Amino acid sequence: MLTHTLITLFKRDLNRLIAEIEAYNSEEALWLTTPEISNCSGNLCLHIIGNLKWFIGAQLGNSGYIRERDLEFSQKGIAKAELINQVRETIQIVENTLQTVTTQQLQAPFSRGRAEEPMTLEYFLVHLVAHLSYHLGQINYHRRLLG
């Protein structure tokens, strides 16, 4: 079933996110921006966490999570250990929630409440994997660029 594949991909990339955060030489470097890079890795990490906790945890799993998207891009200075703990928590939320999704749910229409092309939940979950990978690549580039 697709959910098994999605769980595998989410866990793989979220564990890679942990490795990227751990690879930073300093906590301060996570929060650095340059004129060419407006989103630092710390904020991209918070954005990934918020995105998955909201769409998978709250929307699918009824976790009660309240997303504060603006804070994902404005909070600064969170310790590496705290970011990593939040990513680990996100891994559990994603795995536990996706294990309960049925084939019928995957084929059902899904909407984020925006004016967009119709999609299924299956399509949107694949989109979320791609979104995670996109930002993971940005984080990797940011880390290597800063040395």
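Residue numbers count from 1 along this sequence. Keep in mind that what you see is a predicted model, and the values were worked out from it rather than measured.
- In plain terms, the two heavy atoms of Ile93 and Thr97 that are nearest each other are O-OG1, 2.8 Å.
- Nearest heavy atoms, Glu27 versus Lys80: OE2-N, 3.1 Å.
- The shortest heavy-atom contact between Asn43 and Ser74 is ND2-N, 3.8 Å.
- The hydrophobic clustering, which links ILVMFWY residues whose side-chain heavy atoms are closer than 4.5 Å, places Ile139 and Ile78 together.
- The backbone N or O of Lys11 sits less than 3.5 Å from a side-chain atom of Asn15, completing a donor-acceptor pair.
- The shortest non-hydrogen separation linking Leu106 to Thr120 is O-CB, 3.4 Å.
- In this structure, Thr100 and Thr3 have side chains that are not in contact, with every pair of non-hydrogen atoms separated by 4.5 Å or more.
- Contact between Asp13 and Leu136 at its shortest, heavy atoms only, is O-CD2, 3.8 Å.
- With hydrogens and angles disregarded, a donor-acceptor distance shorter than 3.5 Å links the side chain of Asn96 to the backbone of Gln92.
- Interatomic distance, Leu98 CG to Leu60 CG, rounded to the nearest 0.5 Å: 7.0 Å.
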Test side-chain contact (heavy atoms from CB on, under 4.5 Å) on Arg69 and His47 and set out the steps. CA-CA 7 Å; Arg69 191 175 189 279; His47 175 60; 3.6 Å; yes

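- Taking 4.5 Å as the limit, every side-chain heavy atom of Val87 sits out of range of all side-chain heavy atoms of Ile21.
- With Cys45 as the partner, the side chain to side chain contact (heavy atoms under 4.5 Å, CB included) test is satisfied by one option alone out of Thr90, Ile84, Leu30, Leu83: Leu83.
- Within the 4.5 Å cutoff, the side chain of Thr33 has heavy atoms near those of the Cys40 side chain.
- From Gln59, atom CD reaches atom CG of Leu121 across 11.0 Å, with rounding to the nearest 0.5 Å.
- Rounded to the nearest 0.5 Å, atoms CZ (Arg16) and CG (Leu132) are 10.0 Å apart.
- No single ILVMFWY cluster, assembled from side-chain heavy atoms under 4.5 Å apart, contains both Leu32 and Ile37.
- Hydrophobic clustering (ILVMFWY, side-chain heavy atoms < 4.5 Å, transitive): Leu2 and Ile7 are in one cluster.
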Run the side-chain contact (heavy atoms from CB on, under 4.5 Å) check on Phe110 and Tyr123 step by step: do they pass? CA-CA 9 Å; Phe110 180 83; Tyr123 178 94; over 6 Å; no

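- A distance of 10.0 Å separates CG in Leu125 from CD in Gln105, rounded to the nearest 0.5 Å.
- Between the CG atom in Leu52 and the CZ atom in Phe55 there is a gap of 9.5 Å [rounded to 0.5 Å].
- Salt-bridge formation is detected for the pair Glu20/Arg143: a Lys NZ or Arg NE/NH1/NH2 atom is positioned less than 4.0 Å from an Asp or Glu carboxylate oxygen.
- The shortest heavy-atom contact between Leu46 and Trp31 is CD1-CH2, 4.0 Å.
- No continuous path of hydrophobic side-chain contacts links Ile49 to Phe73 [ILVMFWY only; heavy atoms under 4.5 Å].
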Check the pair Glu95 / Phe10 against side-chain contact (heavy atoms from CB on, under 4.5 Å), numbers first and verdict last. CA-CA 8 Å; Glu95 184 173 18; Phe10 278 119; over 6 Å; no

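- Taking the centre of each ring, His142 and His135 stay at or above the 6.0 Å mark.
- Aromatic rings from Phe124 and His127 are positioned such that their centres are separated by under 6.0 Å.
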Passes side-chain contact (heavy atoms from CB on, under 4.5 Å), Ile48 versus Leu14? Steps please. CA-CA 9 Å; Ile48 291 167; Leu14 288 168; 4.0 Å; yes

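- Between Leu145 atom CG and Thr34 atom OG1 the span is 6.5 Å, to the nearest 0.5 Å.
- Here the rule is side-chain hydrogen bond (donor to acceptor under 3.5 Å, both in side chains) with Gln86, and of Arg88, Glu82, Glu89 only Glu82 fits it.
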